[in-house]
Amino acid sequence: MVHLVGSLTDCCVIGNRCDSFAPDGMSVMSTSQFTPRVFSGIQPSGGLTLGNYLGAMKRFVDMQDAGTHETIYCMVDLHAITVAQDPKDLAHNTRELCAGFIASGIDPEKSVLFNQSQVPEHAQLGWIFNCVARMGWMGRMTQWKDKAGKNAEQASLGLFAYPALMAADILVYHATHVPVGEDQKQHLELTRDIAAKFNHDYGVDFFPITEPVIEGAATRVMSLRDGTKKMSKSDPSDLSRINMTDTADAIAKKIRKAKTDPEPLPEALDGLDERPDARNLVNIYAALAEITPQQVLDQHAGSQFGTFKPVLADLAVEKLAPIGTEMSRLMEDQAEIDRILARGAERGREIAAPILAKTLEIVGMVR
RNA sequence: AGGGGUGUAGCUCAGCGGUAGAGCAUCGGUUUCCAAAACCGACGGCCGGGGGUUCGAUCCCCUCCGCCCCUGCCA
């Protein structure tokens, strides 16, 4: 709460300062004049995996606990419907993702936690950004080209405009930092382009040029069946992934059946260069134990997988099963989850509303 | 909008009047330090929807819907 009050004050300061910047088109853009604030959005598309946990959730918790930035975490349901969604699944997935956040250690009082559609400022700023972004920029997005492909005629307009809404998600909070994986780097670039163009076109220094927070190398969790492919909720084999909702038995079984090779674990990391499946298990162990992959090898060099796997399975069960249990406990009280989301949205709006209001004023909307 | 093509297992496709098959994928077993590979086995389909012809339709006819390609039209 303290954070929130502080940030509101800062927002107003930023807003006011903006007028004095207006005549000075040359002003150097810097994030230093903005409240340090992390925003991250995750699509509630269902099926939280170990990859999501180690690659995103766990880091979100670390950022929250570091206390150096305000942290805003958002379930982007408006993005989810750029592709067809079953309404019941969408609602369920949103609540389950919320449960996942909390079970993983996100404190809804420390962080701002909500679903996107409950903060209408996202969509409102999104429209303005639709008018800032250029068709050409969007057409160049590799994710658009990948997802729409040759069926672009079939894709929704929303899928095309997606990156502009994402820019709004970030900038409606004047977020200074966004954790990004490889796949989102280009979208963040576009967010920066939109902020810069807006600032330039209106002669203001209103939106920050958001910085990426690059994710660590070891956080890429690969498929348990094919160490060269990313662990994915859409893989046809459920044995290829560990779901956050898996039981202890399921987790143990999946690790036991994970693909490996016949060699023992090496002493040095470069011994894993040509062994993606082995490297993946070592990386997973390291991430779960919160040690480096080299430290894993220090402890287990020479081990065959017949002995390493049970140790890894025990560790995974110890770390993950409680999260899954807590998720299902939370899911039993839907009203409580909805209450948390509503409260998060309220706090989100307290930050976003003044920024949107100032944006509208800059653009020339009569208030 | 007109012409052509197409719609069968999760995917790629075969069948074409007697209520369906292959490969791959998935799952299980044997094997193996655990896995992989190999072998064995299992699961799996209102054959796009509706109507009609027929003793009987995935197969023929009508109609609707979806998708692909070509041509055209509108802005």
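What you are looking at is a predicted structure, and each value in this text was computed from that prediction instead of being measured. Order of the sequence lines sets the chain letters (A, B, ...), proteins ahead of strands, with each chain counted from 1.
An OP1 or OP2 oxygen of B:rC34 is reached within less than 4.0 angstrom by no side-chain nitrogen or oxygen of A:T307. For B:rC27, the OP1/OP2 oxygens have a side-chain nitrogen or oxygen of A:R225 closer than 4.0 Å. OP1 or OP2 of B:rG28 lies within a sub-4.0 Å distance of a side-chain N or O belonging to A:K253.
Rounded to whole Å, the distance from CG on A:L224 to C1' on B:rU26 is 16 Å. Between the NZ atom of A:K257 and the P atom of B:rU30 there is a distance of 10 Å, given to the nearest Å. Here the C1' atom of nucleotide B:rC34 and the CD atom of A:E263 are 14 Å apart, to the nearest Å. The distance between atom CG of A:L312 and atom P of B:rC33, rounded to the nearest whole Å, is 20 Å.
In A:K230, the NZ atom is not crowded: 12 or fewer heavy atoms of neighbouring residues, nucleotides or ligands sit closer than 6.0 Å.
For the residue pair A:D107/A:Q64, the side-chain donor-acceptor check at 3.5 Å is not satisfied. Side-chain contact of A:S240 with A:K229: a donor-acceptor pair under 3.5 Å is absent, judged by distance alone. Side-chain atoms of A:D235 and A:S237 form no donor-acceptor pair, as typed in the model, at a separation below 3.5 Å.
In this structure B:rC11 sits in a base pair with B:rG23, meeting the Watson-Crick or G-U test at under 3.5 Å. Pair assignment for B:rC73: none, as no Watson-Crick or G-U wobble contacts are both less than 3.5 Å. Base pairing analysis places B:rC67 opposite B:rG5; the two distances defining the Watson-Crick or G-U wobble pair are each below 3.5 Å. Both distances falling under 3.5 Å, in either a Watson-Crick or a G-U wobble arrangement, occur for no nucleotide opposite B:rU58.
Base contact: A:K309 has a heavy atom under 4.0 Å from a base atom. Among the heavy atoms of the strands, none lies under 4.0 Å from A:D277. At a threshold of 4.0 angstrom between heavy atoms, the contacts of A:P262 include nucleobase atoms, whether or not backbone atoms are also involved. Within 4.0 Å (heavy atoms only), A:L239 reaches sugar-phosphate atoms of the nucleic acid but no base atom.
To the nearest whole angstrom, the two P atoms, one in B:rG7 and one in B:rC47, are 14 Å apart.
Using a cut-off of 4.0 Å between Lys/Arg side-chain N and Asp/Glu carboxylate O, A:E346 and A:R349 are scored as not salt-bridged.
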